[in-house]
> 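Can you read through this structure? Questions will come right after.
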Amino acid sequence: MFIQIFSTGGTLDKVYFDALSEYQIGDPVAPELLEQGRVGFDYAVESLMKKDSLELDDTDRRLIHDKIKACPHEYILITHGTDTMTVTAAGLADIDGKVIVLTGAMQPARFRDSDALFNLGLAIGALNTCQPGVYIAMSGRVFPADGVRKNRVAGRFEER
Ligand SMILES: NC(=O)C[C@H](N)C(=O)O
């Protein structure tokens with residue numbers, strides 16, 4: 001099994017710079033987390049952008065779409081900010097023959113109580129078992145991309 005990972009930014013990849021008292025988006029954390037998980041598959045990671053998903057625009061989403069469409073691999077993982085994950089996922093619905101899973105985190109992977117490792121593991125499980133289609137793996141569940149929303153108050157994803 002080979003998984004192509006595209007990172008786009010989001011809280012998952014955020015780094016806290018104390019001197020600046022603000023967050024910035026660092027390098028993709030996915031490889032480190034996969035190493036920590038001692039995974040038994042091959043993968044490659046390509047960083048497409050380093051943005052909070054609230055700042056993604058149509059041009060960014062077109063790039064994400066076109067990169068995936070042109071990718072020769074069947075299994076695609078997208079790490080993405082949670083706030084507009086469903087918007088990006090909706091734009092991938094026309095891509096056939098691939099298992100595409102988006103995941104992210106409510107807390108930066110670098111935080112001790114982060115949900116990042118858990119969510120990434122869930123996404124990898126989804127890639128191992130799902131039929132071709134677009135899915136969001138968050139909150140311990142794998143949702144079809146068109147059947148989920150983020151509940152900001154509760155801090156989790158749920159059926160819509
Ligand atoms: N948890 C997150 O990823 C929220 C962040 N604002 C984003 O959508 O990029």
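All residue numbers in this chain count up from 1 along the given sequence. One-based numbering, in listed order, for ligands and for the atoms of each.
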> Could you say whether the N/O atoms of Lys14 and ligand 1 ever approach to under 3.5 Å?
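No; the residue has no nitrogen or oxygen that sits under 3.5 Å from a nitrogen or oxygen of the ligand.
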> What is the nearest protein non-hydrogen atom to atom 8 (O) of ligand 1, stated with its residue, atom name and distance?
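Minimum-distance protein heavy atom for atom 8 (O) of ligand 1 reads Ser53 OG, 2.5 Å.
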> Report, in ascending order of atom number, the atoms of ligand 1 lying under 4.0 Å from any heavy atom of Gly10.
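Contacts of ligand 1 toward Gly10, numbered from 1: 9 (O).
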> Could you say whether the N/O atoms of Asp83 and ligand 1 ever approach to under 3.5 Å?
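Among all N and O atoms of Asp83, at least one is under 3.5 Å from an N or O of ligand 1.
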> Would you check if there is a donor-acceptor pair between the side chains of Thr88 and His80 at a distance under 3.5 Å?
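Short answer, yes.
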> Under the criterion side chain to side chain contact (heavy atoms under 4.5 Å, CB included), I'd like the reasoning laid out for Leu102 against Met138: C-alpha separation, chi angles, the key distance, then a yes or no.
CA-CA 8 Å; Leu102 293 89; Met138 287 296 293; over 6 Å; no
> Should one rank Asp52, Thr79, Thr84 by closest heavy-atom distance to atom 7 (C) of ligand 1, which comes out on top?
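The option holding the nearest heavy atom is Asp52.
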> Ignoring hydrogens and geometry, is there a side-chain-to-backbone donor-acceptor pair from Thr11 to Met106 under 3.5 Å?
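Side chain of Thr11 to backbone of Met106: no pair is present.
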> Could you please spell out the steps behind the side chain to side chain contact (heavy atoms under 4.5 Å, CB included) verdict for Tyr135 and Ile100?
CA-CA 6 Å; Tyr135 304 89; Ile100 303 170; over 6 Å; no
> Determine whether Arg61 and Thr84 satisfy the following criterion, side-chain hydrogen bond (donor to acceptor under 3.5 Å, both in side chains), listing intermediate values before the conclusion.
CA-CA 11 Å; Arg61 292 206 163 86; Thr84 68; 2.7 Å; yes
> Write out the residue and atom name of the closest protein heavy atom to atom 3 (O) of ligand 1, then the distance separating them to 0.1 Å.
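Nearest protein contact, heavy atoms only, for atom 3 (O) of ligand 1 is Thr82 N, 2.9 Å.
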> May I ask you to list the atoms of ligand 1 that are less than 4.0 angstrom from any heavy atom of Ala105?
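In order of number, 1 (N), 2 (C), 3 (O).
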> What's the verdict on side chain to side chain contact (heavy atoms under 4.5 Å, CB included) for Ile124 and Leu34, showing C-alpha distance, side-chain angles and the deciding distance?
CA-CA 10 Å; Ile124 299 299; Leu34 293 175; 4.1 Å; yes
> Going by the order shown, which atoms of ligand 1 are within less than 4.0 Å of some heavy atom of Thr11?
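Numbered from 1, ligand 1 contributes 1 (N), 2 (C), 3 (O), 4 (C), 5 (C), 9 (O).
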